[in-house]
Amino acid sequence: MLDLRLIRENPKLISEGFNRRGMHVDLKPIQIDIEELKNIEETRSNLQSKGNKIGKEVGLKIKSGINPNSEELKALKSEGIQIKQRVAQLEEREKSLSEKLKTQILNFPNIPSENCPTGKDETNNKEIRRWGNPLQGNDFKEHWEIANNLDLFESERSSRIAKSRFVTLFGQGAKLERALINLMLDIHIEKGYKEVLPPALVNTSSLTGSGQLPKFSEESFKCNEDDLWLSPTAEVPLTALHRNEIIPIDLLPLKYVAYSPCFRREAGSYGRDTKGLIRLHQFNKVELYWFSDPDKSSEAHKQLTLDAEAILQILELPYRVLELCTGDLGFSASRTFDLEVWLPGSNKFREISSCSICGDFQARRSSIRTKSAKTTKLIHTLNGSGLAVGRTMAAILENGQQPNGNVTLPKALVPYFGNTELTRT
RNA sequence: GGAGAGGUGGCUGAGUGGUUGAAAGCGGCUCCCUGCUAAGGAGUUACAGGAGGUAACUUCUGUCGAGGGUUCGAAUCCCUCCCUCUCCGCCA
């Protein structure tokens with residue numbers, strides 16, 4: 001959420017930020033509403049002040065022994081009633097105005113960081129670095145073919161259980177998923193992250209706090225009987241973990257790593273990535289999350305990205321790092337580095353992690369602050385996958401595939417999996 | 001799901017209609033005294049928003065789980081909801 005005060009005092013900064021995202025919003029009407037709201041608040045609080053004084057006066061007079069039914073007191077009381085009625089009128093207007101403003105502002109995305117390159121869409125993203133040697137050739141199979149051969153998972157019967165875009169893992173496939181989750185968690189814990197296993201269902205406030213609501217309600221599954229949604233990413237419960245808190249500055253940064261199943265409706269992606277593990281309604285993810293001192297968040301962003309990259313390196317998976325341009329930036333992010341893993345079967349890089357700094361955007365929505373000696377200020381939040389587990393499995397299958405149909409596993413995974421390769425059983 | 005109890009400041013915990021934003025204690029901070037592993041004394045210590053001032057600061061409003069209501073006046077009375085705890089039932 002953007003700062004009301006900033007909209008009031010520096011609307012240019014905001015509209016320029018929106019322009020860089022390719023959005024054009026006229027802030028004038030909002031500014032007018034903010035101004036009116038301010039004026040109403042002022043008159044209202046003056047009236048209340050008057051009312052409070054009358055209340056006290058009545059109390060004192062009664063105490064001093066004046067007849068409670070005297071004309072003097074009656075007059076005071078009726079003045080009190082009148083004030084109360086006028087206050088009620090003002091409050092009504094105030095409430096509808098501030099609700100209107102709030103919904104508008106909750107629908108505004110974050111302002112891109114000045115470091116974020118301006119661009120129209122994903123074609124303007126900037127490659128920053130590469131790691132590893134991508135396998136090239138025409139003989140590489142896509143991961144679902146490999147998996148099918150090894151009986152790792154099945155999609156068709158999963159739609160019997162649930163619907164399309166769900167997958168059921170079997171045998172070595174299930175075990176590999178488990179091994180990957182454990183490896184990722186262990187490595188991050190080793191680096192000082194605190195492990196969290198959050199609820200998979202989250203309420204409306206949590207989704208609003210991290211930016212998924214109100215704008216993207218069609219992206220998440222909702223439980224109709226309750227104020228609960230299936231969490232689309234652990235970013236949501238992790239942000240909500242410290243909602244309405246003031247975190248002492250010497251405790252920062254708080255670094256969390258969370259494994260969670262993630263649920264997404266994938267509305268509007270019919271026909272895309274219908275095969276395999278790339279785009280599912282339910283997938284597993286290990287998420288990295290920082291609550292950072294706002295003065296140190298830029299450095300934190302780089303570190304978080306490196307921590308996510310470390311998993312790819314340990315798993316010997318070639319990848320590249322992209323800096324997203326303003327046109328491809330997510331709603332809550334002010335700057336994002338995407339990690340894309342190499343998939344030789346389809347001969348391209350695929351997103352496997354998105355490492356974003358959100359500045360105070362989520363912190364303002366969720367009211368998460370820090371306190372140093374004198375001042376209280378909003379903290380900065382950062383998140384990134386470390387990594388998306390299903391896509392990691394796809395990458396391991398495609399990069400480790402052998403001509404005989406087996407898959408050689410990265411060395412680091414062997415202790416977790418208990419074998420050096422996946423074989424036909 | 002049924003019955004009961006309760007939700008107050010960083011924490012513990014008073015407060016059942018009138019200068020109570022809230023006693024007391026703990027903790028935190030500042031200063032003083034003393035000087036050796038400690039103790040004592042004084043002061044200070046919630047959050048949000050508005051107005052005024054370069055600023056230190058002053059001032060107004062709101063906030064005692066949330067939202068309504070009664071009243072000139074509510075932490076205190078009434079209603080609804082949420083949450084926590086205890087007992088019973090059910091359940092992985």
Side-chain angles (χ1 to χ4, degrees), chain A residues 1-10 30-103 105-106 197-209 223 225-229 237 240-252 254 261 291 360 363-379:
Chain A
M1 186 164 67
L2 302 176
D3 192 1
L4 265 183
R5 193 184 210 132
L6 191 67
I7 299 177
R8 204 176 80 205
E9 289 169 3
N10 200 348
I30 289 182
Q31 281 181 279
I32 290 167
D33 284 349
I34 293 175
E35 204 57 40
E36 187 189 344
L37 186 64
K38 211 185 83 181
N39 291 336
I40 292 175
E41 277 167 353
E42 213 173 311
T43 355
R44 192 217 59 215
S45 88
N46 285 338
L47 277 172
Q48 279 173 321
S49 171
K50 216 161 153 189
N52 288 342
K53 276 182 193 128
I54 289 171
K56 274 175 192 161
E57 210 178 325
V58 172
L60 285 176
K61 293 212 161 153
I62 290 174
K63 220 174 198 173
S64 73
I66 289 178
N67 179 1
N69 293 319
S70 69
E71 287 306 317
E72 192 188 352
L73 281 185
K74 273 186 183 162
L76 272 178
K77 285 185 185 182
S78 84
E79 197 184 343
I81 290 172
Q82 278 173 24
I83 287 175
K84 197 178 151 187
Q85 283 167 349
R86 280 163 65 199
V87 166
Q89 285 169 5
L90 289 171
E91 274 179 337
E92 201 181 324
R93 175 70 183 148
E94 197 179 336
K95 200 173 167 187
S96 73
L97 203 55
S98 76
E99 255 161 38
K100 180 182 157 199
L101 270 171
K102 199 174 174 196
T103 47
I105 288 165
L106 282 174
L197 191 57
L201 269 64
V202 294
N203 60 35
T204 300
S205 301
S206 298
L207 279 161
T208 308
C223 307
E225 300 302 312
D226 303 280
D227 177 30
L228 289 170
W229 307 66
L241 197 58
H242 291 292
R243 178 146 39 94
N244 296 329
E245 280 188 24
I246 296 176
I247 304 167
I249 198 150
D250 47 301
L251 293 184
L252 297 178
L254 293 174
F291 294 87
D360 63 14
R364 185 172 293 105
R365 286 173 164 253
S366 302
S367 182
I368 308 171
R369 289 163 297 170
T370 186
K371 196 171 192 171
S372 53
K374 280 197 170 172
T375 51
T376 308
K377 53 190 176 179
L378 294 164
I379 52 104

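Values below: every heavy atom of this structure, side chains too, minus hydrogens, waters and symmetry copies. Sequence lines set the chain letters: A, B, ... in the order given, protein chains first and strands last, and positions in each chain run from 1.
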**Study point:** Counterpart base for rA3(B), defined by Watson-Crick or G-U wobble contacts under 3.5 Å
**Key:** rU86(B)
Practice item. Report the base-pairing partner of rC29(B) (Watson-Crick or G-U wobble, both distances below 3.5 angstrom), or none. Key: rG43(B)
Exercise for review: Just jot down the side-chain hydrogen bond (donor to acceptor under 3.5 Å, both in side chains) partners of Glu42(A), sequence neighbours excluded, or say none.
Suggested key: none
Review point. Does any nucleotide pair with rA48(B) by Watson-Crick or G-U wobble geometry, both distances under 3.5 Å, and what is it?
Key: rU61(B)
Practice item. Measure from CG on Asn46(A) to P on rG62(B) and round the result to the nearest Å. Key: 11 Å
**Study point:** Partner residues of Asp3(A) under the side chain to side chain contact (heavy atoms under 4.5 Å, CB included) criterion, sequence neighbours left out
**Key:** Arg5(A), Leu6(A), Arg364(A)
Exercise for review: For rG35(B), give its Watson-Crick or G-U wobble partner with both distances under 3.5 Å, or none.
Suggested key: none
In a table with atom names and distances, give each donor-acceptor pair under 3.5 Å that connects a side chain of residues 84-93 of chain A to protein atoms at least two apart or in another chain.
{"from": "Arg93(A)", "atom 1": "NE", "to": "Glu36(A)", "atom 2": "OE2", "distance (Å)": "2.9"}
{"from": "Arg93(A)", "atom 1": "NH2", "to": "Glu36(A)", "atom 2": "OE1", "distance (Å)": "3.0"}
{"from": "Arg93(A)", "atom 1": "NH2", "to": "Glu36(A)", "atom 2": "OE2", "distance (Å)": "3.1"}

Review point. For Asn52(A), which residues count as a side-chain hydrogen bond (donor to acceptor under 3.5 Å, both in side chains) partner, sequence neighbours excluded?
Key: none
Check your understanding: Taking only residues two or more places apart in sequence or in another chain, which ones pass side chain to side chain contact (heavy atoms under 4.5 Å, CB included) with Ser45(A)?
Key -> Gln48(A)
Return a table of donor-acceptor pairs under 3.5 angstrom between the side chains of residues 53-63 of chain A and protein atoms on other chains or two or more places apart.
{"from": "Lys61(A)", "atom 1": "NZ", "to": "Glu72(A)", "atom 2": "OE2", "distance (Å)": "2.6"}

Check your understanding: Whom does rG73(B) pair with, Watson-Crick or G-U wobble, provided both distances fall under 3.5 Å?
Key -> none
At a cut-off of 3.5 Å, list every protein nitrogen or oxygen paired with a nitrogen or oxygen from nucleotides 17-23 of chain B, distance to 0.1 Å.
{"from": "rG18(B)", "atom 1": "N2", "to": "Gly55(A)", "atom 2": "O", "distance (Å)": "2.6"}

Practice item. Look through every strand shown and name the nucleotide pairing with rA66(B) as Watson-Crick or G-U wobble, where both distances are under 3.5 Å. Key: rU80(B)
Study note, to complete from the structure: For Ser206(A), the side chain to side chain contact (heavy atoms under 4.5 Å, CB included) test, sequence neighbours excluded, returns Val202(A), Asn203(A), Val236(A), Ala240(A), Arg243(A)
Check your understanding: Does the pair Lys38(A)/Glu35(A) count as a salt bridge with the N-to-O cut at 4.0 Å?
Key -> yes
**Study point:** Mate of rG9(B) where both pairing distances stay under 3.5 Å, Watson-Crick or G-U
**Key:** none
Check your understanding: Does the salt bridge (Lys or Arg N to Asp or Glu O under 4.0 Å) test come out yes or no for Glu99(A) and Lys102(A), once each step is laid out?
Key -> CA-CA 5 Å; Glu99(A) 255 161 38; Lys102(A) 199 174 174 196; over 6 Å; no
Check your understanding: Expressed in whole Å, how much space separates the P atoms belonging to rA56(B) and rG15(B)?
Key -> 40 Å
Exercise for review: Pick the P atom in rU30(B) and in rU86(B), then give their distance to the nearest Å.
Suggested key: 41 Å
Review point. Who are the salt bridge (Lys or Arg N to Asp or Glu O under 4.0 Å) partners of Glu94(A), not counting sequence neighbours?
Key: Arg44(A)
Check your understanding: Roughly, in whole Å, what's the span from CG in Asn244(A) to C1' in rG10(B)?
Key -> 16 Å
Practice item. Hunt down the Watson-Crick or G-U wobble partner of rA14(B), both distances under 3.5 Å, from any strand shown, or write none. Key: none
Review point. Roughly how far apart, to the nearest Å, are rC78(B) and rU70(B) at atom P?
Key: 15 Å
I'd like a list of close polar pairs between nucleotides 44-53 of chain B and the protein, N/O only, cut-off under 3.5 Å.
{"from": "rC47(B)", "atom 1": "OP1", "to": "Lys371(A)", "atom 2": "NZ", "distance (Å)": "2.6"}
{"from": "rC47(B)", "atom 1": "O3'", "to": "Arg369(A)", "atom 2": "NH1", "distance (Å)": "3.0"}
{"from": "rA48(B)", "atom 1": "OP1", "to": "Arg369(A)", "atom 2": "NH1", "distance (Å)": "3.0"}
{"from": "rA51(B)", "atom 1": "OP1", "to": "Lys38(A)", "atom 2": "NZ", "distance (Å)": "3.1"}

Point to revise | Set of side chain to side chain contact (heavy atoms under 4.5 Å, CB included) partners for Lys377(A), sequence neighbours left out | key: Ile249(A), Asp293(A), Pro294(A), Asp295(A), Thr370(A)
Check your understanding: Near RNA chain B, under 4.0 Å by heavy atom, which residues of residues 84-98 of chain A?
Key -> Lys84(A), Lys95(A)
Practice item. Take atom C1' in rC60(B) and the same atom in rA5(B), then report the distance between them in whole Å. Key: 40 Å
Review point. Rounded to whole angstroms, how far apart are CG on Asn39(A) and C1' on rU61(B)?
Key: 15 Å
Practice item. For Ile81(A), answer base if it contacts any base atom (sugar-phosphate contacts may also be present), sugar-phosphate if it contacts only those atoms, and nothing otherwise; contact means non-hydrogen atoms under 4.0 Å. Key: sugar-phosphate
